Structures are given as C-alpha cells and as structure tokens.
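This one's a predicted model, so the numbers in the text were calculated from it and none came from an experiment. Each residue takes its place number in the sequence, starting with 1.
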Amino acid sequence: MEQYQIWQYQTETCSLALGKTETPTLADNEILVRNKAIGINPVDWKFIKANPLNWPNGHVAGVDGAGVIVGTGINVNSSLVGSRVAYHASLNQHGSFAEYTVLSADRVMMLPESLSFEIAAALPCPMLTAWQAFEKIPLTRQREVLIVGFGAVNNLLSQLLVNAGYVVDVVSASLSEARANKLGLRQVYRDQSQIGIKYFAIFDAVSGESAAHLVPSLKANGHIVCIQDRIAKPIDPPFTRTISYHEIALGALHDFGDKQDWYALMQNGEALLEQITKGDVEISEPTTFNFEHMPEALTHSEMTKSKTVITLN
C-alpha cells in the first residue's frame, strides 16, 4: 500500500510534525482527493494551539482544500475520478493538511475549469460561512444593514448583500474608503461609537459580547447575526422589539446537517464559485507557501490575518 505525507498533530507541544501514513481503504460513500492546494483559516491555528476537541497524536488538521478526485467508494460513481473539487472538512476527522484527504462524496464542490486550485482552496470556509450568514435574513431589497469587522468572511458577505440590493455600512478600522467605494458600500465607521442609525440587520464577526452591544442599534423586528461566538440570552425584554438572534457555525453542519442540507450548501457554493470566476464577486489573491513550509504558513496566517494557501505538486 502506498504512503503519503501528512502534517501530524503533536499533543505534547500543540504543534505539527511532518510524517507519513498509508493510503486508506475508502468507505462505500467516500472519495479520495489528491490535494493540489490547502487553505489555512484562523480555526486551524487556533485549534492547533488549544486543541479543544482533544485531537490525539497523529491527527491531521485542516478544513479547506482543493484538488482532484483519485478514488471512489463502491457507492460513488467512478466517473468522478479526475474531477476538480474544493471542500470544507470536519474538524473531527482527518483534514486537509496532507497530500490526500478522504471525504464524503456529497461534501465537495465541483470547480469551474478556469478557477485555480490556489484560489479555490482559499474559499470554502469564508465563502460558505458568508453564504450561511447571508441566508439568515429575509431577502428584502433596499434595507440598511451593518457589517462589523472586515476579514475574509465579511469581504464576501458585503458583496453578497450589495449584489442582493441591500444598503451596506461597515464598522472597520482598516478598510480603506477606496476599497469600500469599489465594493459599493455606503459608509465606513471606524468604531461602533460612530453608529448613528438603526439597522434591519447587523452581522458581527468580532465576538458575542460585541454583538450584544450592537443589539440596541437594530430596528424593531431586526436581526443580529453572530459570525463569531453567539449571544446566550436575548438582550431585550420579551414582546418588545422582537429581535431575531442568529448564530453561524459552518463546522457544526458536519455533525448536525443531513444529506439535503449538504446538497443545498454545495449547490450554493458552486454558484458562488461561478460568480467569483466571472468577477461578479471579488476576492484577494492569497499568499502561497510550499507544503514543506506548513508551520511558517500557519504563523503567516496568524500574524498577518491575510489569506494563506499551501501549494502541492
């Protein structure tokens, strides 16, 4: 049986070490993807440092990747071999920090031919998270919404909202006016104290505490969407402004989503990949590192807060 390289978790040092493992036998509904690029997200280096899921020695971290299907289980159409795909893997299973990754066949997105593996690998976690946040509120045009924080998720979310007809304001200390104008944003606040109106919906990517402080800036029947953390208890008394509270946790779908949930998410993800390929949704080019330089890539992601991708031959 062939062996391939993986980055193995080390429990004593909360770090990764390069190692090898044997090619696994696929379950009936699984596929084997040869990774061409691996996306690094904040969840990766946060979980490596803290190990909240009690990963054992040898666990393969990483949630995002893109590559080519090279093997299928007996219940999977073998014609899929050779297909270019991107995916978001479960934190509870061996993930993308490897030359090959085993996945459920219904949890991958087919890639447009013109989309590079490097760009594709940078997208699943932020793109699908942005889509989940976007879907939380009713689709009503020309309503004012506020985005707080402007990382990879909210960069995509802001464009989805603008394209859908919402009037979008942002709270960000770093977003330039030129970039905001290019994206079609109406206004950039430099901190929350500058907020002077009430919004139909607010999307907070900072913390549950931050989101709770923003609830008074919602209109009656408004929506607060927590992309980081959650609000544990309603802020207002019952039967007053009737605020709707939403939480986003893309990874939770691996444990609680059914086949229909995943089909819908993957279909919407593929539609977004097409929009990105056509230039209808703009993204930043990631910084790339070779597979052997995984530790440096993780440090770069953490220090710069910029999109980082590992490339493989």
Side-chain angles (χ1 to χ4, degrees), residues 42-43 46 52 125-175 180 183-258 260-261 264-265 268-269 272 281:
V43 69
K46 288 178 181 178
C125 187
M127 180 184 72
L128 297 175
T129 300
W131 179 257
Q132 285 189 327
F134 173 75
E135 278 200 315
K136 288 291 186 181
I137 66 173
L139 187 58
T140 54
R141 291 182 176 274
Q142 295 304 314
R143 299 298 294 269
E144 294 170 314
V145 301
L146 179 68
I147 286 177
V148 182
F150 208 78
V153 173
N154 279 350
N155 171 61
L156 292 162
L157 175 60
S158 68
Q159 296 178 72
L160 296 178
L161 290 164
V162 169
N163 291 345
Y166 292 96
V167 178
V168 183
D169 295 341
V170 172
V171 178
S172 171
S174 59
L175 179 64
L183 294 177
L185 307 178
R186 181 179 66 176
Q187 182 171 233
V188 179
Y189 302 114
R190 293 310 173 190
D191 60 66
Q192 293 184 18
S193 66
Q194 297 177 332
I195 300 171
I197 64 173
K198 293 188 182 294
Y199 290 91
F200 170 64
I202 298 176
F203 301 84
D204 180 86
V206 179
S207 67
E209 182 180 7
S210 170
H213 286 151
L214 290 161
V215 170
S217 295
L218 286 167
K219 299 176 67 135
N221 297 314
H223 300 261
I224 184 75
V225 183
C226 297
I227 298 171
Q228 285 275 19
D229 200 9
R230 66 194 295 266
I231 298 175
K233 296 181 180 179
I235 305 302
D236 292 341
F239 311 116
T240 55
R241 293 190 306 146
T242 61
I243 299 302
S244 294
Y245 294 79
H246 307 275
E247 59 188 39
I248 306 297
L250 176 60
L253 204 65
H254 287 284
D255 296 323
F256 298 99
D258 59 24
Q260 187 176 18
D261 295 329
L265 184 65
N268 288 317
L272 288 173
V281 175

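Note that the CG atom of L265 and the CG atom of L128 stand 4.5 Å from one another [nearest 0.5 Å]. Note: R241 CZ to D236 CG = 4.0 Å, rounded to the nearest 0.5 Å. Distance CG/L156 to CZ/F134: 12.5 Å, rounded to 0.5 Å. Atom CG in L183 sits 7.0 Å away from atom CG in L175 (nearest 0.5 Å). Distance check, rounded to the nearest 0.5 Å: CD1 of I231 to SG of C226 gives 4.0 Å. To the nearest 0.5 Å, the span separating CD1 on I235 from NE2 on H213 amounts to 8.5 Å.
Although no hydrogens or angles enter the test, the distance criterion places a donor-acceptor pair under 3.5 Å between the side chain of R190 and the main chain of S172. Of the possible polar contacts, none joining the D261 side chain to the A264 backbone as a donor-acceptor pair under 3.5 Å is found. For the pair D255 (side chain) and A252 (backbone), a donor-acceptor distance under 3.5 Å is absent. Without hydrogens or angle criteria, N154 side chain to L157 main chain gives no donor-acceptor distance under 3.5 Å.
Between L253 and Q132 there is a side-chain heavy-atom pair separated by less than 4.5 Å. Looking at K46 and P52, their side chains never come closer than 4.5 Å, going by heavy atoms from C-beta outward. A heavy-atom distance below 4.5 Å is not found between the side chains of S174 and F150. The shortest side-chain heavy-atom distance between V153 and F203 does not fall under the 4.5 Å cut-off. Contact of the L160 side chain with the L272 side chain is registered, since non-hydrogen atoms from C-beta on lie closer than 4.5 Å. The shortest distance between side-chain heavy atoms of D169 and I197 falls below 4.5 Å.
Between the side chains of Q187 and Y189, at least one donor N or O lies within less than 3.5 Å of an accepting N or O.
F200 and Y166 have parallel rings, their planes meeting at less than 30° on a 0 to 90° scale where 60° marks the start of perpendicular.
For the side-chain hydrogen bond (donor to acceptor under 3.5 Å, both in side chains) criterion with E247, the lone passing option out of R230, K136, Q228 is R230. Applying side chain to side chain contact (heavy atoms under 4.5 Å, CB included) to L146 and the options V171, V170, V168, V167 leaves one that passes, V171.
Here the closest heavy-atom approach between residue Q159 and residue N155 is recorded as NE2-O, 3.2 Å. What you find for A180 and V188 is that their closest heavy atoms are CB-CG2, 3.5 Å. Residue I195 comes nearest to S217 through the heavy atom pair CG2-OG, 3.9 Å, listed as atom of the first residue, atom of the second, then distance. Between N221 and I243, the closest heavy-atom pair is N-CD1, 4.4 Å. Pairing each heavy atom of V148 with each of S210, the nearest pair is CG1-OG, 4.4 Å.
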Please walk me through it: do N268 and E135 pass side chain to side chain contact (heavy atoms under 4.5 Å, CB included)?
CA-CA 11 Å; N268 288 317; E135 278 200 315; 3.9 Å; yes
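No more than 12 heavy-atom neighbours from other residues, nucleotides or ligands sit within 6.0 angstrom of CD on E209. Few gaps surround NZ on K198; more than 12 heavy atoms of other groups in view lie less than 6.0 Å from it.
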